[in-house]
Each structure stands twice: as C-alpha cells, then as structure tokens.
2 protein chains.
Amino acid sequence: MHDLTLEDIARMAGVSPSTVSRVLNNLVGTRSKAREQVLKVLAETGFQPNAAARSLASQRSQVIGLLIPAPASTILHNPAVLQLAEVVTQACHERNYLLSLFLLGSDTDEQQILPKITRKGFVDGLIVRGADDRASDPLLHRLSDSGMPFVSFGRPIDLDTISYVATDNATAAYTAIAHLLTLGRRRIALLVGSLEPYASQERLTGYRKALTDRGVPVDEQLIAVAGMSDGYGATRRLLRHAPDAIFLPTRMALDVLRVLREANVRVPDNIALIGFEDLPLAQQTDPPLTAVSQPMGAIGKHLVGMLLDIMENGAEPPRRLLFPQELLIRQSCGAMRTS
Amino acid sequence: MHDLTLEDIARMAGVSPSTVSRVLNNLVGTRSKAREQVLKVLAETGFQPNAAARSLASQRSQVIGLLIPAPASTILHNPAVLQLAEVVTQACHERNYLLSLFLLGSDTDEQQILPKITRKGFVDGLIVRGADDRASDPLLHRLSDSGMPFVSFGRPIDLDTISYVATDNATAAYTAIAHLLTLGRRRIALLVGSLEPYASQERLTGYRKALTDRGVPVDEQLIAVAGMSDGYGATRRLLRHAPDAIFLPTRMALDVLRVLREANVRVPDNIALIGFEDLPLAQQTDPPLTAVSQPMGAIGKHLVGMLLDIMENGAEPPRRLLFPQELLIRQSCGAMRTS
DNA sequence: TTGAAAGCGTTACCAT
DNA sequence: ATGGTAACGCTTTCAA
C-alpha cells in the first residue's frame, strides 16, 4: 500500500487533482459541494501533500532557515542564541513559515554544509547570527555569493550591502555607565571577553562617552580583557585598581562574584555590578544581576519581516534596523537598596 | 538569466543530463573524459542541484530532523539540549546527512507544525528528545501515527514499540551515592525538581538501593522536591534535617550553594555535593561540582545510526540502547581533598 | 560508459 | 468553479 497522493484524494472525492490542490491551498472562492467533499476525504485520510513535489512545482518551500555558527564554545556559553532561535521560530510560525535551525560547527561545516543549505528548493531564505567576533565574516560573504535571500542578526562589519537587525550596544553601555555614575560610582571598570568583537568596541565607545560627558576621567587601568574564559584572573587584576563598579559580560558573573567574595568585597555596597546581557543566570546570582536587555521578541519579528520583504522585493537596497536596549535593574548595582 | 539547471550543465559539457547526474552523485565507475568535462563545468559554474527536484525524483532528501519540544522554560534552563543538538548534527554530517533542528514551542506548535515536518519529501527521519516530564508523551504518539521513521532520546514510558537511546539514571545515581558513602557520608539527601519525570524515579531507585545495599537507613526527610525553580527554598528546608551530602540537579547548584553559604555550611567539608548532569555550570561553581556525565558524543552517533537502520530496514522490531553514565570527580564532594 | 525517456507528486495556466 | 495538462528539475531504468 503506497502512500496516498493528491491524485488518490481527487479520485476518492470524485474531483480533479486541480481542485484538491486548490482546497489544500485555500484558493477556492465560494464553498461549493466539491470543496466539502474534498475536505471530507482530506479529514478521513489525514492526507499531507508531498513537500518535495510541492516545492518543485511552486518554487517555494515555505521554510526559512536560521544559521547558527556554533563552535561548541560559543553556543554552549551563550543562551542568547537559544532565545534568538525561539523568537524567530515563533515569528516564522505566525507567518506560516516553518523554521529550520542549522548548526555550523566548524569552518569545514561552512564549506561542506552551507552549499547544501543554500541550494534552491530547500529553504526560501536565511537568517544568520553574525559572528561578531571576527572583523570579516566569511560566512556572510559566502551567503552573498550564494544568491539566497538572507538577513543578519548583528551588524556586518565589512559589507554594507547586507540587510541586518542589530542592537545598539554603544547607547546601552552609555546608559549603564550613566546609571552607575548617578548612583555615585566613579571608578567604573569595563570588563570584556575580547576587544575584537564589534560589540565590544561599541560598548567601549559608550563607556568612554558616558564618563567623559560627566567629566569623569577615563582610567585605562579599569579597562580589562578577560580572554575567552578567564574572568577570574582578569577580575583579580582589576581589583588592584580599586574599582567601585564593574560593567561585565553576564556570562562571567560567577567568576567575578567569586573573586569579590574571596576578597571580601561586598556587592553592591563596596562594588556595583551590571551585566552586558540578560541571561537566565542574571536572576540566579547572589545578588541578582542588574543587566542590559535586548527586546528579543520584537527583534525576531523584524528579522522575519525583513527577510520576507527581501524575498518578495529583492535585496536592494539593503535594510537596516537598530534596536535600543533596556536596563533591567536588580540588586547588584545598589539602586534598590532599602535605606 | 534563470538559474542553471542540470540540463544547462549537460549542454555546456556536451553530455547528457544522465551523465551529469551520475557525476554529481559519484556513480561513475571509471573516470572517463566525459566525467572530467562535467567536473570542469561544475567547478566553473558552482552549480548546485535543486533540492526539491532531487528529493522528488529520488524519494530521499538526505535530511534528518531533530525535534526539540521547547517551552522556553525547558530549553533555556537546559544546556544539555544544546549539546544533544551538537553531537547529533556532527554525527549526521559524518554520514552525509544534513541536520535540521525544529523547535516545538507549544502544544499548538505540535499540532500545527509537526504535520508539516512529517510530510513525505521533507525529512527522511526524525530524532526526538523525549519530554520525560510527562508520563505519556503525545508527541511520540503523533510521530508513531505519522509513519515517519524516528528514534527517541530518552526512554518512552508508555510505548514499547518505540526505538530509543537512553542513559541509565538508576545506575548513575547508585554510583554517585555509593561514592558519597565511601567518603564517609551517611545523611545523604536527594534533591529533585519534580518526582514525575521518569528520570527522577530512576534516580530515586538508585538512591534507595545504594543506601540499602550498605545498610544505611533511608530517611524520607532527606528526599526533597524543589519544584521547577525554587531550589533555594527546598535547600533551606533540607538543611533542617542536617544532611552531610546532597545529590542535586546541577542547574540548581547556584541556589544550593547560596543557601549553604548563608548558613555557613562549607563545601565539601561540612557537606558534599554531586550534580545529576554535567552542565558547563558545573565547572564554574565554587567549588567546581562533581557531576554525573553522559557520553554525549557516543549517544549522538548511536541515535543517528539507529535511525538510519530504521530508515533502511523498518521500525520492527524496536531497537533499544541504554548508556552508562560516568562520575566526574571535581572538588565538591571532598574526594580530592589534599589532606 | 553513455543516452533517451519515463516518472516523482505537486502547482498553475488555459480552457471550459 | 472545475478539469486537463504542461511544467518543475532531477533520478533511474532500460537500451545501446
């Protein structure tokens, strides 16, 4: 017993394949008896059309892909990626697209796997999480060459032909630092994993500007680079320069808190903390971490909206969208001190 | 200028479409000059065959799907899911399949989206992360009905027709508790998020058996249920019964450690800790957490291998595979005390 | 080894 | 509103 095809359904319903196809795609004007009949057979059989045949004939798969460059280190330490996946998935479903996630584990993957993903007839468009830890992202170049419509989450550095949605890290940093200044902090440190990512540069910019605007001198000793994993060492070094606040990557919060505990420095009394991003971890630390947060729901909707726009109207001119971020005040910066 | 098709390539290379197809699929015995010619044109044009057409004609998409039931709460708190995705992706790539990840955010998704995923011509098979927090998983039933080949990661409770790979939580718990007993602990507590998941039941079984086997009485007061998020409260309550060790969900490590710190109970001197699973978090806590670990790499390979086997040879009889787990000894249980 | 041609299961155009 | 039929771009069988 072979699988049912649309023709079988047509026969069973006593109509032509065309009619079944129309019913399946809701393309029938009035509700005729033919339609009713088809609907009945459809329900009885639980028929689902063959996806490949449909894609081939219609030249659309109704699938959008989300590309995630994921050397284990990156993704496992970055729950934000998951959140992106969730909101984009949701946004796609709302617009009647299916979302497929693809993990590109290595550079090899990018060369072997990416071409299979960008093949025509597979997905209709792609959303990419820009690898913002490289000045030039080869992935984006490859995508441009592939001809597949796509948008980037994160600002591409060296290509101004790419459509993207990004968040404004400079302003976010400015806001965070300004908040700390308002709370009376003066020796505010900036801790980053690396200075290379564009995001880090933006934060540094916002950091400097906030201080300068208020006439607080920038002490270069208070700008620390942790490297990918050693938040512990970097914080210890930082402590020698007596900061009274640290603007840090949220994922390093545990390391930082441990150093402070060992040094008997109390949060937020002796030192205030604000995290770059709002990971679940921020709510679990002791004290809970004040953090900068991105409006991920809206970002997801706009990524999908922008992509559909490009799929329909072409990639020219490139679209750009910069989202503001928000400061979520918790206990680590002392703003909620009951005093 | 329309996209190139295989016929175009054939024309350009002066051969028939069949020949191009054969070269594309490495189906040519000897290396003839025709083959060379095609290869040259292929390289020059960067031609990629249309995925839909290929799937339709060959009745295979060379794509495997990984289904992740992901109400935000679950996935965001469960980095283990990411690890699963990574190892399965890797295993698929090694066997020349593409892996697509699908997030099923809600029950609605399962009803709206799942049928699109199980349509013929879309993916060739599915791997599902069994939602082990429900006694009966409707998703697995739906999949069974769909006719799509699939395997589950995690043991299905109420269906013995399903092929799966799982890990042996009972033995793992037994090992962990035995280790604590060896270290001289006697009042060993078991903390779980909920008792419902099958995994919890298995751990409880192993816990009881380990104690009983050594003649240590089971104190029911030392078995605590935290609920999804309140590890803090549960640990405080637990503390009233003076445990000298806790076997806990690793994701609750921060909460537990906070309570202990507040109560001036030192780890591992006064209390030993072992986590259920080996999340990245386990290495970041202070002290680093001894934890039970699953051989994820091997699990990924076997999931894919089992699925391919089913795709080729049918789902009967169901395959089953139970993996042992390993105890990763770090500082939180005192086994490495330098004394 | 290579080519011709018949599908694969839809959609969409053109009639009716 | 419905049916007939030609694509869609590839794989695969059968001959040569």
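What you see is a predicted model; the values in this text were computed from it and never measured.
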Please name all residues satisfying side-chain contact (heavy atoms from CB on, under 4.5 Å) with T45(B), sequence neighbours left out, ordered by chain then number.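 By the side-chain contact (heavy atoms from CB on, under 4.5 Å) rule, T45(B) matches L4(B), I9(B), M12(B), V41(B), F47(B).
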Qualifying residues under salt bridge (Lys or Arg N to Asp or Glu O under 4.0 Å), relative to K301(A), sequence neighbours excluded: E94(A)
Rounded off to whole Å, could you give me the [atom1]-to-[atom2] distance for the [X] and [N] pair?
| X | N | atom1 | atom2 | answer |
| --- | --- | --- | --- | --- |
| E36(A) | dA1(D) | CD | C1' | 14 Å |
| I9(B) | dC10(D) | CD1 | P | 9 Å |
| R11(B) | dT2(C) | CZ | P | 19 Å |

Please determine whether a side-chain nitrogen or oxygen atom of T19(B) lies at a distance below 4.0 Å from atom OP1 or OP2 of dG3(C).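 Yes, T19(B) has a side-chain N/O under 4.0 Å of OP1/OP2 on dG3(C).
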Would you check if there is a donor-acceptor pair between the side chains of S18(B) and S21(B) at a distance under 3.5 Å? no
With sugar-phosphate taken as primed atoms, P, OP1 and OP2 and all else as base, the protein-contact string of nucleotides 7-14 of chain C at under 4.0 Å (heavy atoms; B, S, -) is BBBBSBB-
Atom pair [atom1] ([X]) and [atom2] ([Y]), whose distance is rounded to the nearest 0.5 Å:
| X | Y | atom1 | atom2 | result |
| --- | --- | --- | --- | --- |
| H93(A) | D109(B) | NE2 | CG | 5.0 Å |
| S152(A) | D137(A) | OG | CG | 7.5 Å |
| L114(A) | M148(A) | CG | CE | 9.5 Å |

In residues 112-123 of chain A, which residues come under 4.0 Å of DNA chain D by heavy atom?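 Contacts with DNA chain D under 4.0 Å: none.
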Atom pairs and distances, side-chain donor-acceptor, residues 310-318 of chain B, under 3.5 Å, sequence neighbours left out:
unit_1: N313(B); atom_1: ND2; unit_2: D309(B); atom_2: O; d: 3.3
unit_1: N313(B); atom_1: ND2; unit_2: D309(B); atom_2: OD1; d: 2.6

Taking distance alone, no hydrogens or angles, what donor-acceptor pairs closer than 3.5 Å link side-chain atoms of residues 59-67 of chain A to residues at least two apart or in another chain?
unit_1: R60(A); atom_1: NH1; unit_2: Q62(A); atom_2: OE1; d: 3.2
unit_1: S61(A); atom_1: OG; unit_2: V63(A); atom_2: N; d: 3.3
unit_1: S61(A); atom_1: OG; unit_2: F122(A); atom_2: O; d: 3.0
unit_1: S61(A); atom_1: OG; unit_2: D124(A); atom_2: OD1; d: 3.1
unit_1: Q62(A); atom_1: NE2; unit_2: N96(A); atom_2: O; d: 3.0

Contact class for A34(B) vs. all strands (heavy atom < 4.0 Å): base, sugar-phosphate, or nothing?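 Answer is sugar-phosphate: A34(B) comes under 4.0 Å of backbone atoms only.
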